[in-house]
There are 2 protein chains.
Amino acid sequence: MKKVTISDIANKLNMTPSTVSRALANNKRISESTRKKVQDTSKEMGYQPNVMAASLRKGTSDTIGMIVPRINRHFFSNVISGVEEILNPAGFNLVVIQSGELLSREVKAVESLLQNRVGGIILSLSLQTNTFEHLQDVVKHNTPLVQFDRVTKSLPGSKITNDNYTGGYLATRHLIKCGFKHVAHFSGSYKLRAYRERKAGYIAALEEAGMRVDEKLIVDDVITREAGYSQIHKLVMRTNADAVFCAGDYSALGAMEGLKSLGYHIPDQFGIVGFANEPFSELMDPSLSSVEQNALEMGNKVAAAMIKAIQKEEVPEEEVIPVRFIGRSSSWKDYK
Amino acid sequence: MKKVTISDIANKLNMTPSTVSRALANNKRISESTRKKVQDTSKEMGYQPNVMAASLRKGTSDTIGMIVPRINRHFFSNVISGVEEILNPAGFNLVVIQSGELLSREVKAVESLLQNRVGGIILSLSLQTNTFEHLQDVVKHNTPLVQFDRVTKSLPGSKITNDNYTGGYLATRHLIKCGFKHVAHFSGSYKLRAYRERKAGYIAALEEAGMRVDEKLIVDDVITREAGYSQIHKLVMRTNADAVFCAGDYSALGAMEGLKSLGYHIPDQFGIVGFANEPFSELMDPSLSSVEQNALEMGNKVAAAMIKAIQKEEVPEEEVIPVRFIGRSSSWKDYK
DNA sequence: CTGAAAGCGCTAACAG
DNA sequence: CTGTTAGCGCTTTCAG
């Protein structure tokens with residue numbers, strides 16, 4: 001089928017494309033009668049506006065690009081939903097691209113969004129990302145940038161993060177209150193502020209309790225299930241750890257499996273707390289204590305910041321979303 | 001920053017935009033030397049092609065739109081990854097939109113993709129979808145359409161589905177072989193073929209075993225955790241069921257929780273099998289038997305069909321991806 | 001209130 | 001091998 005354009009409509013009604021364009025855009029300088037005529041026949045003819053042509057002309061589009069490491073993480077998919085909740089009613093479209101935690105794919109994604117002239121870019125950094133040149137392009141192109149969760153300060157624009165510090169603090173304090181004496185920490189990459197902050201909260205809780213910070217009890221780059229499994233083996237062999245605060249639920253899951261394979265009873269002999277409250281956490285046996293992030297709210301805030309940035313309003317430089325500790329069976333013991 | 005265009009490059013090098021365009025497109029009718037010059041200075045000047053302009057001119061774009069009910073379902077997010085695996089290397093971009101299982105949002109998504117003149121649309125129907133007018137538009141616009149998983153025959157184009165029939169058959173046969181005598185079935189909406197087929201497989205297994213099909217043991221529209229929880233209560237009150245094959249893992253989860261709350265021991269007193277093999281299934285206590293769908297392979301096939309359709313090659317009308325039954329503790333008992 | 005005209009950035013005949 | 005020209009569909013001054 002030939003696609004129908006505004007000129008087709010104009011011809012049929014004996015007017016010019018400009019008038020049709022204005023009528024469709026609800027321009028106030030058009031008489032009520034022609035507006036109605038135009039809108040009726042456009043529907044009748046099955047007109048679909050060509051947004052590419054419009055964006056090309058206007059120099060900007062109503063599409064917002066969003067780059068996330070993976071969409072099959074509970075946290076990220078809920079942030080996406082939160083963003084859509086605000087963006088769609090405001091007349092924006094969202095396109096989501098996965099970086100797969102790979103810098104190379106993040107670079108390509110940024111490039112592709114820029115080439116599509118999106119109205120703005122929402123980004124959570126991949127684990128691999130250690131250089132920010134590709135994002136300098138975004139800045140140079142004057143494309144609004146909003147970062148969330150995994151952010152870097154070396155770029156301008158809004159940064160919306162979780163209260164990772166408090167999360168780490170609450171998780172660790174809980175383990176201490178449950179009577180664990182040697183609380184270890186499985187962290188992520190220190191390149192990411194989120195993990196540094198969770199670790200800082202962990203240390204703060206130890207110090208508050210007058211406990212010594214033992215570097216041997218802190219292992220970084222342990223975020224996968226596999227890493228959790230293998231690292232917990234090393235940990236119990238080499239140290240006197242009796243509990244672990246993991247910076248993610250997947251490593252906590254791996255750690256739990258590792259401990260079970262060694263015959264440990266959880267939580268009596270070993271306490272575990274994760275981070276992110278993945279859907280499986282409450283269903284595990286024993287159920288996994290975790291720190292819940294308010295992903296929907298974060299998404300809402302991210303979208304709001306993006307809209308403000310597009311409208312060139314003042315944007316909050318940093319915004320922190322509160323977290324909530326959820327105690328479950330993997331750690332709950334003799335709480336005082 | 002002003003965005004740099006091919007004319008800017010052309011000016012700087014004293015040639016015409018056409019030459020630059022051709023050099024950038026690796027057109028063979030361009031001398032090696034100018035090609036190199038153009039590509040170098042384009043990089044140097046930070047040129048980003050405006051794909052909107054190109055698509056407008058060419059009348060088609062390299063962007064494929066994909067509409068899924070929800071991205072936070074293990075199955076769907078893996079199909080997405082499978083699609084990307086094929087589409088990205090082939091030079092296509094994928095944009096994903098969620099319908100949220102709502103017809104209204106599915107309609108809007110289709111409209112938006114059409115307005116963006118995507119090169120093709122990949123679709124899995126929302127649960128609510130009971131009319132297909134919005135998809136007639138896709139056909140009318142000559143936009144290639146590939147359906148997967150939740151498909152309707154009333155539209156042309158490729159349809160890639162799981163072998164739901166065999167899945168239902170294997171799950172039910174397993175329960176029968178484990179000695180359960182009154183196997184019930186929690187289905188989804190019969191509007192969707194996937195659920196009708198799973199049910200057909202269930203019935204086939206019963207009949208093969210010489211068991212009577214009892215309509216009281218079959219409940220439809222039970223796909224959420226909540227529905228599974230409440231319906232299992234009704235089921236054990238009103239019938240003699242001693243096992244249930246659920247058309248989804250979420251309802252199976254709810255059913256398991258409901259049975260536990262009633263003091264049932266699983267699988268000794270009641271057997272459960274789900275469908276989809278969500279990540280939580282293996283982690284539950286007891287772990288949930290389920291039917292695994294090969295989502296990555298499905299994604300690959302979907303993408304391949306789309307590429308063929310775009311290149312106007314022959315496309316397979318229907319393709320069926322095999323499934324695999326995974327027996328776990330929720331059903332495994334006295335197997336023979 | 002409506003029309004005429006220009007141009008967003010790119011590609012593709014058609015000519016050289 | 002490269003230049004000329006026209007136009008994709010739309011918006012937006014600038015004139016009436």
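Protein chains get the first letters and strands the later ones, always in sequence-line order, with residue 1 at the start of each.
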S.K.: Starting at CG of A:L56 and ending at C1' of C:dG7, how long is that distance when rounded to a whole Å?
M.R.: 9 Å
S.K.: Below 4.0 angstrom from OP1 or OP2 of D:dT2, is there any side-chain N or O of B:T16?
M.R.: no
S.K.: Output the single nucleotide from D:dT2, C:dG9, C:dA4 whose closest atom is nearest the side chain of A:S18.
M.R.: C:dA4
S.K.: Expressed in angstrom and rounded to an integer, what is the separation of B:N116 atom CG from D:dC10 atom P?
M.R.: 13 Å
S.K.: Is it true that the side chains of A:S31 and A:T34 contain a donor and an acceptor less than 3.5 Å apart?
M.R.: yes
S.K.: Between D:dC8 atom P and A:N50 atom CG, what is the distance in whole Å?
M.R.: 12 Å
S.K.: Does OP1 or OP2 of D:dT2 have a side-chain N or O of B:T34 closer than 4.0 Å?
M.R.: yes
S.K.: Less than 4.0 Å between a side-chain N and a carboxylate O, is that true for A:K301 and A:E85?
M.R.: no
S.K.: Between A:P17 and A:E32, name the one whose nearest nucleotide on DNA chain C is closer to the 5' end.
M.R.: A:E32
S.K.: Which dot-bracket string fits DNA chain D when only Watson-Crick or G-U wobble pairs with both atom distances under 3.5 Å count, crossing pairs get [ ], and | stands for a partner on a different strand?
M.R.: ||||||||||||||||
S.K.: Report the residue from A:K36, A:K43, A:K37 that forms a salt bridge (Lys or Arg N to Asp or Glu O under 4.0 Å) with A:D40.
M.R.: A:K36
S.K.: Nearest-Å distance, NZ (B:K28) to P (D:dC1)?
M.R.: 12 Å
S.K.: Looking only at side-chain atoms of A:R29, point me to the closest of D:dT13, D:dC10, C:dA4.
M.R.: D:dT13
S.K.: Kindly point out which of D:dC10, C:dC10, D:dT5 is positioned nearest to the side chain of A:Y47?
M.R.: D:dC10
S.K.: When only distance counts, do a donor and an acceptor, one from the side chain of B:S31 and one from the base of D:dT2, lie under 3.5 Å apart?
M.R.: no
S.K.: Nearest to the side chain of A:M15, heavy atoms from C-beta on, is which of C:dA12, C:dC10, C:dG3?
M.R.: C:dG3
S.K.: Evaluate the criterion side chain to side chain contact (heavy atoms under 4.5 Å, CB included) for residue pair B:L123 and B:M66; output intermediate values, then yes/no.
M.R.: CA-CA 6 Å; B:L123 172 70; B:M66 181 165 180; over 6 Å; no
S.K.: Between the side chains of A:E111 and A:K108, is the shortest nitrogen-to-carboxylate-oxygen separation below 4.0 Å, so that they form an ion pair?
M.R.: no
S.K.: Tell me which nucleotide among D:dC10, C:dA12, D:dT12 gets nearest to the side chain of A:I6.
M.R.: D:dC10
S.K.: For A:K37 and C:dT2, what is the distance between atoms NZ and C1' respectively, to the nearest whole Å?
M.R.: 12 Å
S.K.: Without decimals, in angstroms, what is the distance between A:R35 CZ and C:dT2 P?
M.R.: 10 Å
S.K.: Between C:dC8 atom C1' and B:D8 atom CG, what is the distance in whole Å?
M.R.: 13 Å
S.K.: Using a distance-only test with no angle check, is there a side-chain donor-acceptor pair under 3.5 angstrom linking A:N93 and B:S112?
M.R.: yes
S.K.: Measuring from the side chain of A:A54 (C-beta onward, heavy atoms only), which nucleotide among D:dC10, D:dG9, C:dC1 has the closest atom?
M.R.: D:dC10
S.K.: Identify whether the distance between the nearest side-chain nitrogen and carboxylate oxygen of B:K159 and B:E319 falls below 4.0 Å.
M.R.: no
S.K.: Rounded to whole angstroms, how far apart are CG on A:N14 and P on C:dC1?
M.R.: 20 Å
S.K.: Can you check whether any acceptor in the base of D:dG9 is under 3.5 Å from a donor in the side chain of B:R117, or vice versa?
M.R.: no
S.K.: Looking at A:K308 and A:E317, is any side-chain nitrogen of the basic one under 4.0 Å from a carboxylate oxygen of the acidic one?
M.R.: no
